[in-house]
Protein chains: 2
Amino acid sequence: MLPSSTVENYLKAIYLGVAALTKPHRLLPMGQLACALGVAPGTATTMVKTLAESGLVEYEPYTGVALTEAGEKLAALVVRRHRVVELFLVQVMGYRWDEVHDEAEQLEHAVSDRLVDRMDEMLGRPAVDPHGDPIPDQEGVITPQPAQSLLTCPLNTPVTITRVIDQDKSFLRFIENHHLKPGESIEVEDRDSASDSVRVRGKDDHHITIGTRAASKVLVHTPAAAAILLELVTSA
Amino acid sequence: MLPSSTVENYLKAIYLGVAALTKPHRLLPMGQLACALGVAPGTATTMVKTLAESGLVEYEPYTGVALTEAGEKLAALVVRRHRVVELFLVQVMGYRWDEVHDEAEQLEHAVSDRLVDRMDEMLGRPAVDPHGDPIPDQEGVITPQPAQSLLTCPLNTPVTITRVIDQDKSFLRFIENHHLKPGESIEVEDRDSASDSVRVRGKDDHHITIGTRAASKVLVHTPAAAAILLELVTSA
DNA sequence: GAAGTATTTTTGACTAATCAAAATGCTGGT
DNA sequence: ACCAGCATTTTGATTAGTCAAAAATACTTC
């Protein structure tokens with residue numbers, strides 16, 4: 001029995017929700033899941049219980065939910081479809097990076113594995129989507145990307161932006177307008193906990209100050225990390 | 001309220017079913033509709049009644065169903081999505097023409113108008129899909145294609161195949177293997193009602209005899225018709 | 001540790017879409 | 001004109017997914 005798009009959405013939400021969990025507690029609370037899916041809490045509970053029956057999740061009442069191995073693979077493949085489609089829309093169909101999310105949200109449930117693989121091939125088996133989010137391979141495996149956020153990277157050291165973790169259109173526009181898209185090279189000059197902000201020097205000595213909430217969504221590679229990564233690639 | 005993919009499927013089936021009706025009675029019987037959708041007859045009746053409530057179809061109990069103007073436009077746009085996607089899969093994604101139907105069947109409910117238009121543009125605003133089926137424009141309008149089948153075209157006169165009306169994989173393979181795809185030039189040499197067959201001379205003087213059932217699904221342009229069509233195009 | 005708040009689960013009900021099978025209506029042939 | 005046979009509609013039931021609101025549980029705070 002192949003999963004309905006509703007089931008796919010639940011699995012994806014759990015997959016992404018657990019990954020985004022601050023505590024490594026690794027059990028996603030029902031409230032958070034319901035919220036992510038835009039559904040009433042009771043609905044999430046009911047659905048999660050049936051998902052548990054089919055062995056896709058492990059459910060601990062009053063505590064939360066996590067994916068089983070089977071559920072995780074399924075979820076990763078949904079995420080893979082989503083991200084390959086996003087990149088395809090940008091690279092081949094000429095979409096802007098802030099426009100692809102909704103379209104991909106629909107397509108991820110409609111494209112066949114075959115079509116996704118064709119897109120993937122056409123794009124040269126990319127590792128990340130337009131936001132820098134990693135694309136799981138055909139087995140659902142992600143090669144881990146060591147990354148720090150603007151809150152943790154070293155000060156006054158050139159770093160390369162690799163990922164922007166947010167799908168909100170206006171945030172993505174903001175990022176783009178200030179040349180903070182993945183690939184750009186910048187330096188963090190200062191962090192000020194009092195003003196809850198981070199000062200960044202970007203392209204052409206353009207300075208910009210952003211809040212820590214926003215800063216935490218911008219991930220970077222340090223030159224050192226980049227070197228290690230390169231090492232890995234060349235030795236493989 | 002935007003139509004569910006079930007509603008879209010009903011509208012499409014009525015649209016295509018009415019068009020394929022032999023009698024110009026133009027009212028599609030419930031049985032035929034149910035069969036086209038692979039659904040029990042009672043299910044079709046129920047659904048059609050609710051479609052009638054929302055003004056998308058006209059329903060005559062015990063007689064059949066037809067689309068209203070609103071329903072027809074919606075249906076045409078679904079068909080447009082389907083056919084643009086089919087052509088896109090063949091031209092851009094490298095699919096074979098006998099492989100596209102099922103994929104398009106899914107995608108037609110997931111692609112946005114925006115994406116379809118982007119594909120359409122990329123393909124150069126084509127008039128027909130890989131099977132020669134006409135593609136409705138953004139308004140749902142089809143420019144009528146004058147065409148005859150292998151059963152009605154003149155004998156021993158070169159004609160060009162323009163359309164193959166069947167989605168069955170094995171039939172399409174057969175057509176392809178015998179060089180009877182849209183674009184090929186052939187002549188009908190003989191029709192024999194006793195053996196219920198048609199003899200065709202194709203490429204490289206390759207002869208082939210096919211049944212009338214199959215022959216009726218292969219549409220052609222006569223040179224005269226092609227000339228008239230050219231006239232229309234150049235004068236426009 | 002008791003009280004109040006927040007989260008989670010239960011309950012009862014609803015909608016869309018479907019089926020099988022019984023009931024109904026239509027039509028053609030003698 | 002009648003009846004047999006076929007197509008169509010009704011009926012009653014089912015499944016997936018959802019909500020609102022009531023009940024239960026867990027967490028916090030004093």
Side-chain angles (χ1 to χ4, degrees), chain A residues 1-14 17-18 21-23 25-66 71 74-75 78 105-106 108-110, chain B residues 1-14 17-18 20-23 25-66 71 74 78 105-106 108-110:
Chain A
M1 218 174 302
L2 73 166
S4 69
S5 61
T6 304
V7 168
E8 290 188 343
N9 279 332
Y10 274 84
L11 295 178
K12 188 181 63 162
I14 297 167
V18 169
L21 238 37
T22 47
K23 341 216 167 211
H25 209 274
R26 102 214 176 286
L27 228 46
L28 185 70
M30 285 302 129
Q32 234 159 295
L33 177 59
C35 171
L37 290 164
V39 104
T43 306
T45 300
T46 315
M47 188 66 196
V48 161
K49 283 204 288 192
T50 77
L51 288 178
E53 305 245 305
S54 31
L56 294 170
V57 306
E58 263 155 45
Y59 168 53
E60 183 94 24
Y62 291 102
T63 308
V65 64
L74 233 39
V78 176
E105 204 72 18
Q106 294 305 121
E108 69 187 5
H109 307 297
Chain B
M1 220 173 300
L2 72 167
S4 69
S5 61
T6 304
V7 167
E8 290 188 343
N9 278 332
Y10 274 84
L11 295 178
K12 187 180 64 161
I14 297 168
V18 169
L21 237 38
T22 48
K23 341 213 168 211
H25 207 275
R26 99 203 184 296
L27 227 46
L28 185 71
M30 287 301 128
Q32 233 158 295
L33 177 59
C35 172
L37 290 163
V39 103
T43 307
T45 300
T46 314
M47 188 66 196
V48 161
K49 282 203 287 192
T50 77
L51 289 178
E53 307 244 304
S54 29
L56 293 171
V57 306
E58 262 154 45
Y59 168 52
E60 183 94 22
Y62 292 103
T63 307
V65 64
L74 232 39
V78 176
E105 204 73 17
Q106 294 306 119
E108 70 188 3
H109 308 296

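Below, chains carry the letters A, B, ... as their sequence lines are ordered, and counting in each starts from 1.
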Whole Å only: how far is the [atom1] atom of [X] from the [atom2] atom of [N]?
X	N	atom1	atom2	answer
B/E53	C/dA17	CD	C1'	16 Å
B/L27	D/dT8	CG	P	11 Å
A/E60	C/dT9	CD	P	10 Å
B/L37	C/dA17	CG	C1'	12 Å
A/M30	C/dT8	CE	C1'	9 Å
B/Y59	D/dT8	OH	C1'	7 Å
A/E8	D/dA16	CD	C1'	15 Å
A/L51	D/dT18	CG	C1'	15 Å

Phosphate-side-chain proximity, [X] and [N], N/O vs OP1/OP2 below 4.0 Å:
X	N	result
B/T43	C/dA17	no
B/S4	C/dA16	no
B/T6	C/dA17	yes
A/Y62	D/dA23	no

Should [X] and [Y] count as side-chain neighbours, where that means a heavy-atom distance under 4.5 Å?
X	Y	answer
A/M30	A/P41	no
B/L74	B/V78	no
A/E53	A/Y59	no

Choosing from [options], which nucleotide comes nearest the side chain of [X]?
X	options	value
B/P61	D/dT9, D/dT10, C/dT8	D/dT9
A/M47	D/dC19, D/dG17, C/dT9	D/dG17
B/P29	D/dT8, C/dT9, C/dA17	D/dT8

- request: Look at the side chain of B/T63 and the backbone N and O of B/P61, then say whether any donor-acceptor pair between them is shorter than 3.5 Å.
  value: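 Confirmed, B/T63 side chain pairs with B/P61 backbone.
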message: Mind checking if B/G31 touches a base, just sugar-phosphate, or nothing, with heavy atoms under 4.0 Å?
response: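 Contact class for B/G31: sugar-phosphate only.
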field: salt bridge (charged side-chain N to carboxylate O under 4.0 Å, His left out) between B/E105 and B/K12, intermediate numbers included
entry: CA-CA 11 Å; B/E105 204 73 17; B/K12 187 180 64 161; 2.7 Å; yes
